[in-house]
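To start, the structure under review is shown below, and the notes come after it.
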Amino acid sequence: MTVRVRFAPSPTGYLHIGGARTCLYNFLFAKSQGGTLILRVEDTDLDRSSRQFEQAQREDLAWLGITFDEGPEIGGHVGPYRQSERHKIYEEVATQLIANGHAFYCFCREEVLERKKAAALAQNLNPAYDGTCYGLTAEEVQDRLAKGEEGVVRFKVPDKSYILHDLVRHEVVFPAGMVGDFVLLRSNKMPTYNFCCVVDDIKMKITHVIRGEDHLNNTLRQLMIYDALGATPPQFAHASLLIGKDRQKLSKRHGATSVAQYREDGYLPEALLNYLCLLGWSHPAEKDVFTMSEIIPLFGIDRFSKSSPIYDLEKLAYINNQHMRLLSVEELASRYSAFTTTHSMFLESPTDWKHRFLNLFKEKAQTLKDFEMYGTQLLSLELESGEEVDQILAMPTTKSIAQFLVDVLTPVVATIPFVTEAQVGAWMDAMKNTLGVKGKPLFLGGRLALTGQPHGPDLKILSSLTPSKILLERAKKLLQKLNS
RNA sequence: GCUCCCAUCGUCUAGCCCGGUCUAGGACAUCGCCUUUUCACGGCGGUAACAGGGUUUCGAAUCCCCUUGGGAGUACCA
């Protein structure tokens, strides 16, 4: 039997980091088994769902590099893949369930139900539907419906216990009496989650359901429906849930939770995937930087962890940096070009400059956005302040270094937009010889004069990437400061 | 309240199923040293955990029970 799994998001918001992780696990499982991955849009909540969100989520998924074999816009032989377009199917199944006594029409008013529930809770009893509408005949139902009365279809919960054989949790026993008769079809004829989920998983021939632990309890209801329908349930795997630093459900309070935000912040999709994958699954060789294609043959549900990881992205920056280094400089240049809109110097520079710039900073940059910061620094005329700068300022040789650099740069800026590494090297040598400066005072003074900063990457390369005009300005500025 | 799930360094985790090889391993973060005429990268090293109690056993991080703590569900949301 070929594996068929699905990712079933609700288009009620942007793609959430938790959803992306669930989707990734389904993707990896499908790929590792040579199976099929289906995208199913769960848009039965008409008020909260929108096509805009559906579209946005699909774009985020595409950015991540997760591809589907079947879905809306892709097609497939068990469609349609939007639940709102499948309501006929659900109605048919509901009718069938009513016919064989597994479901019934209910006309109880919401406020009456609320009151009964509150009363049960007050007595520490489990609130369950009390069976008021059990006795309604088919004629009575037709009659009330014809008169325009609003009714729902409820599932008649059997009084027995169920056992779930979960791939992650192993044997989970749900005792009888855990839930009351729940709604299958709302008064607007739209199905509820547990109902359409089961119907679709059967009709779409899903073999494995990999989802968050928040659905563990729902599985009981779903098991009951499979039972009533005489269908064999798929294999279930309930992965741990991502939680925030305060151990609460992940929300906006914990920082960026949408995939789109990470894209904007300059994270690489492969790094995000890598990090997300590690939150709840472990590499058999304990490797922690890897690509998805590399782990597909190793992926398995048996390495899922049961406990909920705290989503705290300490490690994401590290992984992102590692993935940026893994990229060829050509590839990095193309990614960064697509990313930045503000770093015009980069976009307008020749390829050679781009590559040298990226190579110089990629060891340190944690996100693509960091390159923008380095780009800004490259053109900054500001002289940094601080203790270390003061120390360099206090060196008696710094002034002559600044003077030397001003003298040597002034005649060339008009004709040479960028100096070479060799030129900078030659000037340093010249200063050593003519000024008699050497060692730390020379290098520190030179760095401050040329970059305005006490620290930074290789001075010669850095200088060769900086417009010579800027270099001169900085040297002049330092000289002025020392003269005043 | 009731039901279900979970519990190893600050964080992600390995080990747990098939008790001894665990004075509990790795990674991130952190600290120190080396390297680098700066910073970073890199290398080396350090600090740091089996929630508590009890059972079984010659022996428990590993099996069982209880307690505690956390999470989820208890909707005409998904």
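What's counted below: heavy atoms across the whole structure, side chains too, no hydrogens, waters or symmetry copies. Note on naming: letters A, B, ... go to the chains in the order of the sequence lines (proteins, then strands), and numbering restarts at 1 for each one. Just so it is clear, the structure is predicted and the values come from calculations on it, not from any experiment.
The partner of B:U56, taking Watson-Crick or G-U wobble pairs whose two distances both stay under 3.5 Å, does not exist in any strand shown. Within the shown strands, nothing qualifies as a pairing partner of B:A61 under the Watson-Crick or G-U definition with both distances less than 3.5 Å. The pairing partner recorded for B:U47 is none, the criterion being a Watson-Crick or G-U wobble arrangement whose two distances lie under 3.5 angstrom. Summarising the base pairing, B:C4 is matched to B:G71 through a Watson-Crick or G-U wobble pair whose two defining distances lie under 3.5 Å. A 3.5 Å limit on both hydrogen-bonding distances identifies B:C34 as the Watson-Crick or G-U partner of B:G42. Figure legend. B:A14 is base-paired to no nucleotide; pairs are counted as Watson-Crick or G-U wobble with both atom distances under 3.5 Å.
At a threshold of 4.0 Å, the pair A:Glu294-A:Lys287 counts as salt-bridged, since one of the basic side-chain nitrogens sits closer than that to a carboxylate oxygen.
Mapped onto RNA chain B by nearest heavy atom, A:Ala8 and A:Arg221 fall at different nucleotides, with A:Arg221 at the one closer to the 5' end. Both A:Asp288 and A:Lys440 lie near RNA chain B, and the one whose nearest nucleotide falls closer to the 5' end is A:Asp288.
Rounded to whole Å, atom C1' of B:G73 lies 16 Å from atom CZ of A:Phe236. When rounded to the nearest whole Å, the span between CD of A:Gln222 and P of B:G73 equals 14 Å. Following rounding to the nearest Å, A:Leu360 (CG) and B:U36 (C1') show an atom-to-atom distance of 15 Å. Remark: C1' of B:U36 and CD1 of A:Ile461 are 14 Å apart, rounded to the nearest angstrom. Rounded to an integer number of Å, the gap from A:Asn218 CG to B:A72 P is 14 Å. Nucleotide B:A78 holds its P atom 18 Å from the NE2 atom of A:His16, rounded to whole Å. At whole-Å resolution of the value, CG in A:Asn320 and C1' in B:C28 are 14 Å apart. If you take CD1 of A:Ile319 and C1' of B:A29, they are 13 Å apart, rounded to a whole angstrom.
Residue-level contact check: A:Leu216 touches the backbone only, with heavy atoms under 4.0 Å from sugar-phosphate atoms and none from bases. Residue-level contact check: A:Lys117 touches the backbone only, with heavy atoms under 4.0 Å from sugar-phosphate atoms and none from bases. Looking at heavy-atom distances under 4.0 Å, A:Lys287 makes no contact with the nucleic acid at all. The residue A:Gln248 sits close only to the backbone: its heavy atoms come under 4.0 Å of sugar-phosphate atoms, none of a base. Within the nucleic acid shown, A:His238 has no heavy atom closer than 4.0 Å to any nucleic acid atom. Using a 4.0 Å heavy-atom cutoff across all strands shown, A:Val173 reaches sugar-phosphate atoms only and no base atom. Within 4.0 Å of A:Ser187, counting heavy atoms only, lies at least one base atom of the nucleic acid.
Comparing the C1' positions of B:G43 and B:G59 gives an interatomic distance of 41 Å, to the nearest angstrom. When the P atom is compared between B:U30 and B:U23, the two are found 31 Å apart, to the nearest whole Å. The gap from the P atom of B:A29 to that of B:U74 amounts to 40 Å, rounded to the nearest Å. Separation of the P atoms belonging to B:C2 and B:U56 is 30 Å when rounded to the nearest angstrom. Only the P atoms considered, B:A24 is 34 Å distant from B:A72, to the nearest whole Å. B:A27 and B:G46 have their P atoms separated by 12 Å, with the value rounded to a whole Å. Remark: the separation of the C1' atoms in B:A51 and B:G69 is 8 Å, to the nearest Å. Annotation: B:C4 and B:A49 have their P atoms spaced 34 Å apart (nearest Å).
Listed by chain and residue number, A:Tyr262 satisfy the side-chain hydrogen bond (donor to acceptor under 3.5 Å, both in side chains) test with A:Tyr311 (two or more places apart in sequence, or in another chain). In this view, A:His165 satisfies the ring pair (Phe, Tyr, Trp, His ring centres under 6.0 Å) rule with no residue, not counting sequence neighbours. Contacts of A:Thr22 classified as side chain to side chain contact (heavy atoms under 4.5 Å, CB included), with partners at least two apart in sequence or in another chain: A:Phe7, A:Asn26. With sequence neighbours excluded, the residues forming a salt bridge (charged side-chain N to carboxylate O under 4.0 Å, His left out) with A:Asp200 are A:Arg40, A:Arg86, listed by chain and number. In this view, A:Glu387 satisfies the salt bridge (charged side-chain N to carboxylate O under 4.0 Å, His left out) rule with no residue, not counting sequence neighbours. For A:Lys116, the salt bridge (charged side-chain N to carboxylate O under 4.0 Å, His left out) criterion is met by A:Asp130, not counting sequence neighbours.
Contact annotation: side chain of A:Asp45 to base of B:A78, donor-acceptor pair absent below 3.5 Å.
Taking the centre and axis of the six-membered ring of A:Tyr129, the NZ or CZ atom of A:Arg154 falls inside the cone set by 45° and 6.0 Å. With a 6.0 Å cutoff to the six-membered ring centre and a 45° limit on the axis angle, A:Lys440 does not count as a cation-pi contact of A:Phe443. Figure legend: A:Arg144 and A:Phe107 shown as a cation-pi pair, the cationic atom lying under 6.0 angstrom from the six-membered ring centre and within 45 degrees of its axis.
Between the side chains of A:Asp43 and A:Ser84, at least one donor-acceptor pair of N or O atoms lies under 3.5 Å.
A side chain to side chain donor-acceptor pair (under 3.5 Å) check over residues 268-281 of chain A, counting only residues at least two apart or in different chains, returns the pairs A:Glu270-A:Arg335, A:Asn274-A:His323. Sorted by first then second residue, the side chain to side chain donor-acceptor pair (under 3.5 Å) pairs that include residues 424-439 of chain A, not counting sequence neighbours, number zero. Screening residues 441-452 of chain A for side chain to side chain donor-acceptor pair (under 3.5 Å) gives no qualifying pairs among residues at least two apart or on separate chains.
The stretch residues 175-185 of chain A comes close to RNA chain B through A:Pro175, A:Met178, A:Val183, each having a heavy atom under 4.0 Å from the strand.
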Counting primed atoms plus P, OP1 and OP2 as sugar-phosphate and everything else as base, spell out the protein contacts along nucleotides 6-13 of chain B at 4.0 Å heavy-atom distance: B, S or - for each nucleotide, 5' to 3'. SS--BSBS

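Ranking B:C5, B:U38, B:A78 by closeness to the A:Thr44 side chain, first place goes to B:A78.
A ring-centre distance under 6.0 Å is not found for A:Phe346 and A:Phe371.
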Return the polar atom pairs (N/O with N/O) between nucleotides 41-52 of chain B and the protein under 3.5 Å, or none.
{"unit_1": "B:C41", "atom_1": "O3'", "unit_2": "A:Arg325", "atom_2": "NH2", "d": "2.9"}
{"unit_1": "B:C41", "atom_1": "O2'", "unit_2": "A:Arg325", "atom_2": "NH1", "d": "3.4"}
{"unit_1": "B:C41", "atom_1": "O2'", "unit_2": "A:Glu363", "atom_2": "OE1", "d": "2.9"}

